[in-house]
Structure formats: structure tokens, C-alpha cells
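Here's the structure, in C-alpha cells; my notes come after.
All values reported here derive from a predicted model rather than from experimental measurement. Quick note on labels: first sequence line is chain A, next is B, and so on, each numbered from 1.
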Amino acid sequence: MTELHTTPLHQLHLDLNAKMMAFAGYDMPINYPLGVMKEHLQTREKAGLFDVSHMGQIIFSGAPVEDIALFLESLIPVNIAGLKPGRQRYGFFTNEKGGILDDLMLANRGDDIFMIVNAACKVQDIAHLKEHKPDHITMDVIEDRALLALQGPESEAVMARLIPQTQDMKFMDSRVFSYNGFEIWISRSGYTGEDGFEISVPGNEAIDFAQTLLSHDEVEMIGLGARDSLRLEAGLCLYGHDLDASTTPIEGALQWGIQKIRRKEGAREGGFLGADIILAQLDAGVEKIRVGLKPEGRAPMREGVKLFADETSAEPIGNITSGGFGPTISAPVAMGYVGTEYSAMGTQLFGDVRGKRLPVTITELPFVPANFKR
Amino acid sequence: MKYTEDHEWLKVEGDTVIVGITDYAASQLGDVVFVELPEAGTTVEKDDEVVVIESVKAASEIVAPINGEIVAINEALADAPGSVNDDPQGAAWFFTMKPSNMSDIDGFMDEAAYKAFIA
């Protein structure tokens with residue numbers, strides 16, 4: 001086995017007695033002594049601090065932002081050229097078959113474009129970008145900065161004590177500030193469904209910065225276990241589970257991420273990998289689609305559980321791609337793919353859990369309403 | 001009380017044995033959110049999977065420590081799975097079983113040996 005990477009916050013995790021595990025090639029905290037359940041509720045009720053430094057941070061520069069945006073639009077079916085300075089947007093790389101190679105965040109920072117990609121995909125994302133990138137655009141993979149997320153209703157008050165101007169940021173704003181002599185990159189976004197910030201700081205400042213945040217009573221350190229249950233309750237996809245290279249954005253119920261301008265008859269229609277397939281699916285529909293699923297009993301239905309139309313039929317009509325227990329609603333929650341004819345809200349299906357067919361209902365996502373500062 | 005290497009405790013009561021998991025096992029599992037118990041009357045063999053414990057993180061199986069028959073299950077766990085974290089060696093017992101041979105439990109660890117085992 002190859003040696004695991006560590007983040008700039010690794011020693012802090014060990015000092016805080018985190019339970020560590022391998023994730024995407026990194027030795028990461030799954031939970032702290034508080035435990036997944038309490039860490040989850042802490043984030044919903046107050047504020048949680050996450051180390052997400054394993055994610056890829058990439059900056060595109062060397063050309064006017066409009067040029068960079070148009071290059072990225074050839075790989076991402078999103079309106080990037082229309083993204084105003086200081087604004088961030090969700091997107092995804094597609095392949096020739098219309099499948100999703102990774103999902104990501106993009107920010108127009110005025111002079112450059114800042115992208116955050118998934119840890120497990122970053123090596124292939126970078127190779128994919130290099131393969132298509134024109135020479136006059138510079139791509140810097142940032143290796144010397146940590147990425148933290150401060151999430152939860154008290155995040156705004158805590159951040160404002162450090163950097164008062166962050167109070168004026170709205171959901172999906174992205175800003176660069178000077179703080180304690182270093183540059184800090186902050187966006188008002190996250191992966192929990194709560195208000196909060198994603199914060200890039202120099203790696204050698206990361207532990208001090210994290211400890212400063214943790215010195216505020218409202219803040220606790222939160223591991224990847226609660227990060228997963230929080231994002232699942234928020235209805236957010238985990239790449240490699242809910243999305244993959246054989247699933248299109250339309251099947252993934254992410255058509256909201258493809259703005260009109262990139263669709264048929266839009267000013268910059270298509271022009272990305274797999275556009276013919278994806279744009280045709282927008283008109284004609286799809287055979288399977290991602291849905292929210294609420295098991296009716298207390299037994300969680302986890303990834304891989306097969307879904308059936310009734311208690312006896314032999315052929316599955318879908319499967320669960322993420323599932324577990326939602327601490328906020330104190331009940332099991334899941335998402336997965338079903339044949340489109342079974343996707344109407346309220347449809348009852350059955351999940352095969354250890355040989356038993358247990359009822360599960362197609363449900364609106366998210367399970368917990370988003371709490372963003374619009 | 002006797003202890004198995006699978007972190008179960010066994011307590012003899014008359015001709016039956018009460019089975020649960022240890023404090024150590026419960027703390028390793030994390031927050032328990034669901035427990036699936038066998039049906040009373042089921043005949044089981046040693047190492048059969050008889051209980052499924054779902055924590056926030058993952059599902060784990062508990063095996064029958066010995067051959068025998070399940071005679072009672074702790075119905076209260078259905079509504080209060082979290083008691084497995086709060087009182088695993090008391091209120092959150094899983095089931096009682098009637099061993100095929102009571103002497104089968106003789107080989108299990110006593111408390112001192114179990115403490116050394118998890119140390």
C-alpha cells in the first residue's frame with residue numbers, strides 16, 4: 001500500500017484524538033471524540049469546522065478571465081463567461097458520452113478563475129484540463145494551501161469576529177482578504193445545506209487559523225462521517241457514489257446547473273463534451289433519474305441496496321447510491337436512481353435489506369431545508 | 001460475566017445466557033441508530049450472524065457466541081437503539097439463549113482477561 005498523504009492540519013487531528021481513516025489517498029479524520037451524531041447536530045445548530053484540504057485547488061490565469069471562462073465552458077456545461085467577478089458557481093466536467101467526470105466549484109475572482117475539485121478525482125481532472133488547455137492559459141495546482149469549511153448558523157458571527165467584511169458576503173460570493181499578514185480566500189458556500197464559508201489559507205498558517213476558529217465557543221471540529229450525513233440530508237451528491245462517468249447531469253437531476261445560455265437555442269449552446277447527448281436528454285427525458293428516498297422504517301438503506309417496484313418482483317428497478325441515518329430528522333435517509341416511470345414523488349418502492357423487502361418512498365430533496373444567506 | 005473475542009458479554013441466568021456487546025465494542029461502533037434482532041425460537045449455531053447493528057457510519061453483525069436457541073429478545077431496542085451506546089452492558093442486552101451445552105461458555109474470557117485483550 002502506498003503511503004497516505006496528509007493535510008496541513010494532520011497534527012491537529014491527532015492532537016484532538018480524531019479517529020483517522022484513509023479517504024481518497026489521505027489520512028483523514030472520520031470523527032472526533034464527540035462522535036458523528038453530535039458533530040452533525042453541532043453543525044446544524046451552531047458551527048462546525050471541517051478540514052477539506054484534500055480537495056484540489058486550481059487557479060487559471062495568464063489570459064483575460066473571459067478567455068479562461070470560454071475555455072472552461074468547452075469542458076463544463078455551465079455559464080462561466082457570465083459569472084460576475086466575486087461570484088462562485090457549481091459545475092461539472094462531462095465526457096463524450098455525456099457522463100460526469102467530476103463535480104466542482106468555480107469562482108470568478110476578477111483576474112483569475114479559482115476551481116475546487118474532489119480529492120478522489122483531482123489527478124484525472126488535472127490531466128483532463130491539461131489535455132484540452134490552450135498554452136496561453138496558465139493552470140496552477142495549489143499544493144501549499146489548506147482548505148477549511150466553517151459551516152452552520154453561527155458561522156457568520158464567528159467569521160465576522162475575525163474578518164468583519166465577511167458579513168456582507170452572500171451565498172456563493174467569493175472574496176480575497178488580507179488577514180494576519182497572509183492572503184485568505186473565502187467563499188460563502190459549503191456542503192452541508194447550512195450557511196457557512198469555505199476558506200483557503202496558507203498551509204503553514206492552517207493549524208493556527210483552525211485553532212483561532214476553535215477558540216470560539218460555538219465551533220467544534222467535525223469529521224468526514226458527519227460531513228457525509230450532513231450533505232446527504234441536504235440532498236447533495238457525492239461524486240463516485242451518486243454521480244459517475246456513466247451518469248449524465250440530466251440523469252443526476254442536475255439540469256438546474258446547466259443555464260439556459262448553454263442549452264438549445266442559447267447564445268452559447270453546447271460546445272462541451274457530450275453536448276449532443278445531454279441537450280437531447282433535456283428535451284426527450286431520461287430512462288433513469290436520481291431521486292430522494294425515505295425508508296419508512298428505522299433500518300437505514302445504504303449504498304448498493306436494490307430497489308423493487310413491489311415485494312415480489314425479481315427485477316430491480318433502481319438502486320441506492322447514498323444512504324444512512326439523518327441525525328437532524330432522526331430517521332434513515334437515502335438517494336439513488338430509479339426508472340423514470342417510478343420517480344413520481346410519493347411512489348412507494350421496496351428496498352432489499354439483508355433479504356427483506358422494506359418499504360421506501362420517493363421524496364423531495366433536500367431532507368432538511370437549506371439555510372443559506374441569499 | 002464472560003467475554004468473547006467478538007466483544008460480546010455473556011451472563012448466565014439459570015439455564016439461559018444473556019448476550020450483549022461490551023462498552024468497548026459500543027464505543028467503537030459509534031452512535032447506534034438501528035438494531036435488527038433475531039426471532040425468539042430461532043435455533044442458531046456458533047458464529048451465525050444473529051444481530052445487525054447499524055450505526056450512523058456503517059452496519060455491523062453480531063454472531064451467536066455458542067450453539068443454542070434464542071429464547072427472548074430485547075424488544076426495547078427497536079425504539080431506543082441509542083441505549084446500546086448508553087448502557088451496553090446493562091439495559092441494552094440483545095437476546096437470551098438456551099445453550100445446547102452450557103459448558104460451551106467455559107472457554108470464554110473472564111473480565112480480567114478481556115481487559116487485557118482490549119488493552
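Residues B:Gly14 and B:Met102 share a closest heavy-atom pair of O-CE, 3.7 Å. Considering all non-hydrogen atoms of both residues, A:Phe325 and B:Val33 come closest at CD2-CG1, 3.3 Å. The two residues A:Arg44 and A:Ala234 have their closest heavy-atom pair at NH2-N, 4.2 Å. The two atoms that bring A:Gln151 and A:Gly190 nearest to each other are OE1-CA, 3.3 Å, heavy atoms only. The heavy-atom pair separating B:Ala40 from B:Val71 by the smallest distance is CB-O, 3.7 Å.
For A:Lys19, the NZ atom is densely surrounded, since the number of other residues' heavy atoms within 6.0 Å is greater than 12.
A:Asp228 does not touch chain B: none of its heavy atoms, backbone or side chain, sits under 4.5 Å away. Residue contact with chain A, scored on non-hydrogen atoms closer than 4.5 Å, involves the backbone of B:Asp79 exclusively.
You'll find the ring centres of B:Phe117 and B:His7 inside the 6.0 Å limit.
Contact residues of residues 296-315 of chain A toward chain B are A:Arg298, A:Ala299, A:Pro300, A:Arg302 (heavy-atom distance under 4.5 Å). Listed in order of number, the residues of residues 44-70 of chain B that approach chain A to under 4.5 Å between heavy atoms are B:Val52, B:Glu54, B:Ser55, B:Val56, B:Lys57, B:Ala58, B:Ala59.
When each of A:Leu230, A:Ile222, A:Leu224 is checked for a side-chain contact (heavy atoms from CB on, under 4.5 Å) with A:Glu39, only A:Ile222 meets the rule. The side-chain contact (heavy atoms from CB on, under 4.5 Å) with A:Gln211 is formed by just one residue from the set A:Leu49, A:Leu12, A:Asp15; it is A:Leu12.
Ring-plane geometry between B:Tyr114 and B:Tyr24 is classed as perpendicular, the angle between the planes exceeding 60 degrees on a 0 to 90 degree scale with a lower cut at 30.
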